[in-house]
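Fair warning: this is a prediction, and the values are worked out from it, not measured in the lab.
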Amino acid sequence: MAPAAASQHQATTTVAPTSGRKVVDEVSGWLRVMDDGSIDRTWTGPPEALPLMQPVQPYDVPRDGHTLHDLPGEPNLRVYLPEVDAGNAGRLPVIVQLHGGGFCISHPSWVLYHHFYARLACAVPAVVVTAELPLAPEHRMPAQLDTGIDVLRRLRSIAMSDEGALDDPAAELLREAADMSRVFLVGDSSGGNLVHLVAARVREDGTDAWAPLRVAGGVPIHPGFMRATRSKSELEETPDSVFFTLDMLDKFMAMALPEGATKDHPYTCPMGPNAPPLESVPLPPMLVVVGEKDLVRDTNLEYCDALRAAGKEVEVLINRGMSHSFYLNKFAVDMDPTTGERAQELIDAIKSFVARH
């Protein structure tokens, strides 16, 4: 079993409990911490959500205008390659997707990511690269940030390889198709935090250190930016969602942030006093996506205001009437006209942003 498939298997199948193990902490539905320190991520929430967490296997025969390839390695990558007209034979921009899950759960092979990023690859069109991130509490931040950097290092290495030198045919396809001078970081929820952090780290190194790879833009979608004190939107009554609750927010951050840190840490509050002044942070142009009914709406908007005040290039898309990570719920996107419309607006906005940068 490939590494990606192995971790996915562990995440979505029933695991026989070890005799005598007891649950000492739990994030409802998603994660249980056992008294022996082990972590059980077997889904125990509403069974109707389980299909969204099933793995999608790669395929090199085109489906719906694209092929899907796995590149095992450090880290594991998954690559969506859209079919393009022969008349548009130029290299495609690259979207690097950094998945969410509070740094604690989820996998890029899941249906909930697949349906959106396959569609995005074809709509832009762009090569979409998704990455398997380490999970907390086994791996606390900055492990996920370091892996995000490693994703770009691996892409740069592929870009610099000579024709025919790569052992993996999928890596050779990626090398041929991708314009590594136009890499866009896209992340949902905690992955949105990583967009900010990874982009800043790369830009700090300078253009020469990363050539021919260049991060041309960032798209944090409903990023997990917050403060130790509750914002107004966190205290408002919002519909319960398996994607995001206050309990998830609190417990995941306690498990993921460095020991002893609060949510005022720069990883979760880059606009706060504990973080470097945003004026000094070298960021690319940013498109920040904010859910109107998201628990972290207010802190997301605060981040946008702080970017503007620091003189950064920032655009904001408000998902009207939508809650956290709504576009990942394939059932809602397919069956509810309003959700489907908002998902299309999001794809159109990302397409436009990439085209302009």
Side-chain angles (χ1 to χ4, degrees), residues 75-80 93-110 112-114 116-121 124 126-136 139 141-152 155 183-203 215-226 243-244 249 252-253 256-257 266-271 281 283-291 294 296 299-300 303-304 307 314-317 319 324-328 343 346-347 349-350 353-354 357:
N76 292 322
L77 303 180
R78 168 160 283 207
V79 180
Y80 294 84
V94 180
I95 290 173
V96 173
Q97 187 257 345
L98 302 167
H99 70 74
F103 307 115
C104 292
I105 57 169
S106 80
H107 192 278
S109 69
W110 285 0
L112 88 166
Y113 291 117
H114 170 77
F116 183 80
Y117 285 97
R119 183 176 167 189
L120 184 64
V124 173
V127 175
V128 172
V129 178
T130 70
E132 183 177 358
L133 301 176
L135 301 179
H139 306 281
M141 279 287 280
Q144 295 78 7
L145 167 57
D146 294 340
T147 299
I149 297 295
D150 287 342
V151 171
L152 297 185
L155 292 181
V183 173
F184 295 83
L185 305 177
V186 179
D188 60 281
S189 196
S190 58
N193 301 44
L194 294 176
V195 168
H196 173 96
L197 296 165
V198 171
R201 177 81 66 84
V202 169
R203 289 266 176 143
V215 174
V219 185
I221 306 175
H222 309 167
F225 296 143
M226 58 196 76
F243 287 125
F244 203 38
L249 182 153
F252 280 166
M253 292 307 98
L257 287 171
Y267 293 153
T268 40
C269 192
M271 63 286 190
V281 179
L283 293 171
M286 303 286 268
L287 168 64
V288 184
V289 183
V290 181
D294 196 339
V296 289
T299 37
N300 281 190
Y303 171 73
C304 297
L307 288 181
V314 57
E315 304 171 38
V316 182
L317 172 67
N319 303 132
H324 196 75
S325 298
F326 74 94
Y327 62 96
L328 298 180
L346 174 57
I347 287 174
I350 296 174
F353 180 77
V354 170
H357 297 89

Next item on the list: Please report the shortest heavy-atom distance between Met253 and Met226, naming the atom on each side.
Entry: CG-SD, 3.7 Å

Next item on the list: Check Tyr267 against Pro142 and note the closest heavy-atom contact, atom names and distance.
Entry: OH-CB, 3.2 Å

Next item on the list: Hey, could you give me the CD1/CZ distance between Ile105 and Phe252, rounded to the nearest 0.5 Å?
Entry: 4.0 Å

Note to self: Evaluate Ser189 against His324 for side-chain hydrogen bond (donor to acceptor under 3.5 Å, both in side chains), listing each step before the verdict.
What the structure shows: CA-CA 8 Å; Ser189 196; His324 196 75; 2.8 Å; yes

Note to self: Quick check: closest heavy atoms across Ala121 and Tyr80, and the distance to 0.1 Å?
What the structure shows: CB-CB, 3.9 Å

Margin query: Whether the side chain of Asn193 engages the backbone of Gly224 through a donor-acceptor N/O pair (distance < 3.5 Å, no angle test) should be reported.
Written below: yes

Item checked: Short side-chain to backbone donor-acceptor contact, Thr130 and Gln97, under 3.5 Å -> no

Margin query: To the nearest 0.5 Å, what is the distance between CG on Leu145 and CZ on Phe103?
Written below: 9.0 Å

Note to self: Give me the atom names and distance for the closest heavy-atom approach of Leu197 to Pro266.
What the structure shows: CD2-O, 4.3 Å

Notebook entry, point to check: Hey, does the side chain of Asn300 reach the backbone of Pro223 with a donor-acceptor pair shorter than 3.5 angstrom?
Noted result: yes

Check: To the nearest 0.5 Å, what is the distance between NE2 (His196) and CG (Leu185)?
Finding: 12.0 Å

Next item on the list: Test ring-ring contact (aromatic ring centres under 6.0 Å, His included) on Tyr113 and His107 and set out the steps.
Entry: CA-CA 8 Å; Tyr113 291 117; His107 192 278; 9.1 Å; no

Next item on the list: Enter the distance from Leu346:CG to Ile221:CD1 here, rounded to the nearest 0.5 Å.
Entry: 5.0 Å

Margin query: Would the distance check show the side chain of His222 and the main-chain N or O of Ser325 forming a donor-acceptor pair, the cut-off being under 3.5 Å?
Written below: yes

Margin query: Could you report the tightest heavy-atom contact between Pro108 and Ala131, atom names first, then the distance?
Written below: CG-O, 3.4 Å

Item checked: Leu133 side chain reached by Leu194 side chain, heavy atoms, under 4.5 Å -> yes

Note to self: Quick check for you: to the nearest 0.5 Å, what is the distance between Arg78 atom CZ and His99 atom NE2?
What the structure shows: 12.0 Å

Note to self: Please find the pair of heavy atoms, one from Cys304 and one from Val314, that lie closest to each other, and give the distance.
What the structure shows: O-CG1, 4.2 Å

Next item on the list: Give, for atom CG of Leu249 and atom CZ of Phe244, the distance between the pair rounded to the nearest 0.5 Å.
Entry: 4.0 Å

Next item on the list: May I ask you to test the Tyr303-Pro270 pair for a side-chain heavy-atom distance under 4.5 Å?
Entry: yes

